[in-house]
Number of protein chains: 2
Amino acid sequence: MADNVIVLSVEKNMKGKATSFDIAHYAGVSQSTVSRALRNSPLVNEETRRRVHEIAKKLNYKVDKNASNLRTQQSSTLALLLFEDPTEDESQINPFFLSMLGSITRACAKEGYDLLVSFQSTSSDWHADYEDSHRADGLILLGYGDYIDYQSKLQTLLDNHTKFVCWGATVDNRPDLTVSCDNYGGGVLAAKHLIDMVRTDCAFIGDASDHSPEFFARFKGFRDTLKAKGIEVSDRKMANAISTEDSGYHATRSLIANNVKFNALFAASDLIAIGAIKALQEAGVRVPHDVHVVGFDNIAAAGYVSPSLTTVQQNTTLAGQMLVDNLLTLIRGEAVASTLLPPKLIIRQSSR
Amino acid sequence: MADNVIVLSVEKNMKGKATSFDIAHYAGVSQSTVSRALRNSPLVNEETRRRVHEIAKKLNYKVDKNASNLRTQQSSTLALLLFEDPTEDESQINPFFLSMLGSITRACAKEGYDLLVSFQSTSSDWHADYEDSHRADGLILLGYGDYIDYQSKLQTLLDNHTKFVCWGATVDNRPDLTVSCDNYGGGVLAAKHLIDMVRTDCAFIGDASDHSPEFFARFKGFRDTLKAKGIEVSDRKMANAISTEDSGYHATRSLIANNVKFNALFAASDLIAIGAIKALQEAGVRVPHDVHVVGFDNIAAAGYVSPSLTTVQQNTTLAGQMLVDNLLTLIRGEAVASTLLPPKLIIRQSSR
DNA sequence: CTGAAAGCGCTTACAG
DNA sequence: CTGAAAGCGCTTACAG
């Protein structure tokens, strides 16, 4: 009771926040003991522990993270670096990444880690020293723009012994640093579906090159599956695009302008597919009647567009969880296996 | 040259990261001078400054944020606390908040602040001690679930002298802590538009109560504008809903089931509107022919649905910037004015 | 089980 | 312009 009164009155007089010394004073123990009690060390007497916790609560005490991080040399924080394609509209973020962000945030919370979020332009000299400056114990990298440029930056991280994991992009000789969707397998699913629908005169839109390894893998799975049926995807029926609606729209328009004929279209991403559908419809081409369209990602918009979009789903919830889990394992210095997540075909109106 | 060689060979031998003492050693100056030089203090000789920076770069030195934060008692970090409606699907985050997250992240980067992101369930005992533990200098609060419950939690923040700003929700006697869209004005825009379209037999879907002050304000603006024309929005034509597609769908179905007639519908959010359109279409009601629909937010999906959705846009880019600006001003101890952002009507197919 | 003490890596008065 | 020193608030060997 008396304690109560003293503590409360002092609380009001305190400038700034309470420290472990304040608690030590009111509990009548040393500051070391307070620290131990607060961390629930088994070395502390149960009754002492109880009192310390009680007083801490009364004083609204919270351990100063800067001090404890400095002392323990770790931060219990991960940093998410999001690389955006520089050509993309400033205000819009790729919805697929946004979805990943959500699952990564949840996964971090679950593991008791904080998450720092940062957008990086692909051009700048990033890797942003989050780890060097002890703000984060490790990095999660999402997106990369041009993969060739990106590779050298990853090398810098490796040289600095920075702990990190990537989504999608593989790191030379370090498959353990990547969590990825089975993009090749996703391309296979798309091709099989179109074969089932007897729509094998296929176009492909997206960057099928080493600059975009994920898109390239999707294309390869698609191409190889058709080839096994004796069907070629000719160069004429391919158009380059980055993952935006606009880019997909213009790529499709160029195919149409060149009078390229096809009865199915596989887009490397949903955003591309949505732009493609728009271009097709404007040109009087009916989807799915004249052309079946299949996308990749299963972003929310895929269910909203008209016709709704058949697509290859990536499991973002699992992806976020795996990225965080693998990174934490790496931080602990343990070995991690390469992680390939299974894609899933979602059939909607655009291909039936 | 010789310096160069020494530094590089030492770098390889160093365990862990370089500190300012290492730099001091190689630069032949005191650690204090290194610290000053790195912070570009005018007290330091230009040549000394140059050398220190050069060596720091060579050693890949980065100031330890935990140490500098501890010393200066500030973190250059803001925390974004996102409250999600507990009834919402676990995996999906309200796209409007996601959009805000993007703009807040950019605004923070612009001001040289890091951003910690955290999802909070509305039920839990949040406010999450980010500021108490010195992890962040201030908080940005997004979303709140039930506003009545939320209020008492805000009071705790005020009692602790925590620096924070809210999106949407007002804090008693502290209008400066809120950045908000002019929700009332948005409701007025929606009503005026429907009056222009001669669709004044209006239904409203959303929680028009003190539990959801933003929805309530939208409704009031809508109702008052119609009332000025002598038109009532009867209770029969109102249905409660939280901001999800599912909730909007079921609310609309209940209106239909009760045989309520209307030729226009104002939904408190786009997600609700999208659910409403689905319910109407399933019931054979044509949009916009039989019923005009207007939403609120202008999320990306509003442009994708069929028919595309007329809506009241909230400027998320500006909103994020204002939240960050106001919070930083508050942290500096300066006064901030209440900030009300102008909404904008976006007319699409669902109402013409 | 507890306390005195060292030290994490900085920043910044203070004294030249 | 520079250096020696204090101190931010913790955690954790070390010695009882």
Side-chain angles (χ1 to χ4, degrees), chain A residues 14-53 55-56 59-77 129-137, chain B residues 14-53 55-56 59-77 129-137:
Chain A
M14 277 202 316
K15 347 101 197 318
K17 305 212 147 87
T19 72
S20 52
F21 284 92
D22 296 318
I23 298 179
H25 178 238
Y26 293 116
V29 294
S30 74
Q31 182 269 338
S32 333
T33 299
V34 170
S35 179
R36 289 194 194 94
L38 256 17
R39 303 173 55 76
N40 292 317
S41 158
L43 293 171
V44 159
N45 177 286
E46 174 55 26
E47 162 61 12
T48 310
R49 199 192 66 75
R50 232 210 63 259
R51 282 195 61 212
V52 167
H53 275 274
I55 293 169
L59 290 178
N60 209 267
Y61 170 82
K62 293 282 151 44
V63 170
D64 184 311
K65 279 287 173 182
N66 292 131
S68 66
N69 289 346
L70 174 60
R71 183 52 232 243
T72 60
Q73 296 291 78
Q74 50 148 333
S75 64
S76 288
T77 300
D129 64 40
Y130 281 99
E131 203 223 16
D132 291 336
S133 60
H134 289 265
R135 273 179 294 193
D137 297 334
Chain B
M14 275 202 316
K15 345 109 199 312
K17 306 215 147 88
T19 73
S20 53
F21 283 93
D22 296 318
I23 298 178
H25 177 239
Y26 294 114
V29 294
S30 75
Q31 183 269 339
S32 334
T33 299
V34 170
S35 179
R36 288 194 193 95
L38 256 16
R39 302 174 55 76
N40 292 318
S41 158
L43 292 173
V44 158
N45 176 285
E46 174 54 25
E47 162 62 11
T48 311
R49 199 191 64 76
R50 230 209 65 257
R51 282 195 63 211
V52 166
H53 274 274
I55 293 168
L59 291 179
N60 208 267
Y61 171 81
K62 293 283 151 43
V63 170
D64 184 312
K65 280 287 173 183
N66 291 130
S68 67
N69 289 346
L70 173 60
R71 183 52 231 247
T72 59
Q73 294 294 74
Q74 50 149 335
S75 66
S76 288
T77 299
D129 65 40
Y130 282 100
E131 203 224 15
D132 291 336
S133 60
H134 288 266
R135 273 179 295 191
D137 297 333

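None of the values given here were measured: they were computed from a predicted structure.
- Residue B/Leu43 contributes atom CG, which lies 13 Å from atom C1' of C/dT11 at whole-angstrom precision.
- In this structure, the side chains of A/Ser20 and A/Gln31 come closer than 4.5 Å at one or more pairs of heavy atoms.
- If you check every strand for non-hydrogen atoms under 4.0 Å, A/Thr72 touches sugar and phosphate atoms only.
- Counting any heavy atom pair closer than 4.0 Å across all strands shown, A/Ser68 reaches sugar-phosphate atoms only and no base atom.
- For the pair B/Arg135 and B/Thr77, the minimum side-chain heavy-atom distance is 4.5 Å or more.
- In this structure, A/Gln73 reaches the C/dG9 phosphate: one of its side-chain N or O atoms is under 4.0 Å from OP1 or OP2.
- For C/dG3, one of the phosphate oxygens OP1 or OP2 lies less than 4.0 angstrom from a side-chain nitrogen or oxygen of A/Thr33.
- Contact annotation: A/Thr48 side-chain N/O to C/dT2 OP1/OP2 distance is under 4.0 Å.
- Between the side chain of A/Asn69 and the backbone N or O of A/Asn66 there is no donor-acceptor pair closer than 3.5 Å.
- One finds the CG atom of A/Asn60 at 5.0 Å from the CG atom of B/Asp132 (value rounded to the nearest 0.5 Å).
- Distances shorter than 4.0 Å separate none of the side-chain N or O atoms of B/Ser20 from OP1 or OP2 on C/dG9.
- Atom CD in B/Gln74 sits roughly 9 Å away from atom P in C/dT12 (whole-Å rounding).
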Reading DNA chain C 5' to 3', what string of ( ), [ ], | and . shows its pairs, if Watson-Crick and G-U wobble pairs count only when both distances fall under 3.5 Å? |||.||||||||.|||
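- Residue B/Glu46 is the one, among B/Gln31 and B/Glu46, whose nearest nucleotide of DNA chain D lies closer to the 5' end (criterion: closest heavy atom).
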Would you tabulate the nitrogen or oxygen pairs shorter than 3.5 Å linking the protein to nucleotides 13-16 of chain C?
residue : atom : partner : partner atom : Å
C/dA13  : N6   : B/Arg36 : NH2          : 2.6

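- Remark: B/Ser35 is in phosphate contact with C/dT11, judged by side-chain N or O atoms under 4.0 Å from OP1 or OP2.
- A/Arg50 has its CZ atom 15 Å from the P atom of C/dC1, to the nearest Å.
- Of the possible polar contacts, none joining the A/His134 side chain to the A/Gln73 backbone as a donor-acceptor pair under 3.5 Å is found.
- When the C1' atom is used for both D/dG16 and D/dT12, the distance is 16 Å, rounded to whole Å.
- At the phosphate of C/dG9, neither OP1 nor OP2 sits under 4.0 Å from any side-chain N or O atom of A/Arg71.
- Rounded to a whole Å, the CD1 atom of B/Ile23 is 8 Å from the P atom of C/dC10.
- For the atom pair B/Arg49 CZ and B/Leu43 CG, the distance stands at 13.0 Å (nearest 0.5 Å).
- Neither side chain, B/Arg39 nor B/Ser41, offers a donor N or O lying under 3.5 Å from an acceptor on the other.
- Rounded to whole angstrom, the span from the CD atom of B/Glu47 across to the P atom of D/dC1 amounts to 13 Å.
- Separating the NZ atom of B/Lys62 from the P atom of C/dC10 is a distance of 13 Å, rounded to the nearest angstrom.
- Comparing C/dC10, C/dG3, D/dT2 against the side chain of B/Asn45 picks out D/dT2 as the nearest.
- Side-chain contact check for B/Asp64 versus B/Thr19: every heavy-atom pair is 4.5 Å or farther apart.
- Protein atom CG of A/Asp64 is 9 Å distant from nucleotide atom P of D/dT11, rounded to whole Å.
- DNA chain D is contacted by both B/Leu70 and B/Arg49; B/Arg49 maps to the nucleotide lying nearer its 5′ end (nearest heavy atom per residue).
- Here B/Asn45 contributes atom CG and B/Arg51 contributes atom CZ; the two are 10.5 Å apart, rounded to the nearest 0.5 Å.
- Within a 6.0 Å sphere centred on NE2 of B/His25, heavy atoms belonging to other residues, nucleotides or ligands number 12 at most.
- Atom NZ in A/Lys65 sits roughly 20 Å away from atom P in C/dC8 (whole-Å rounding).
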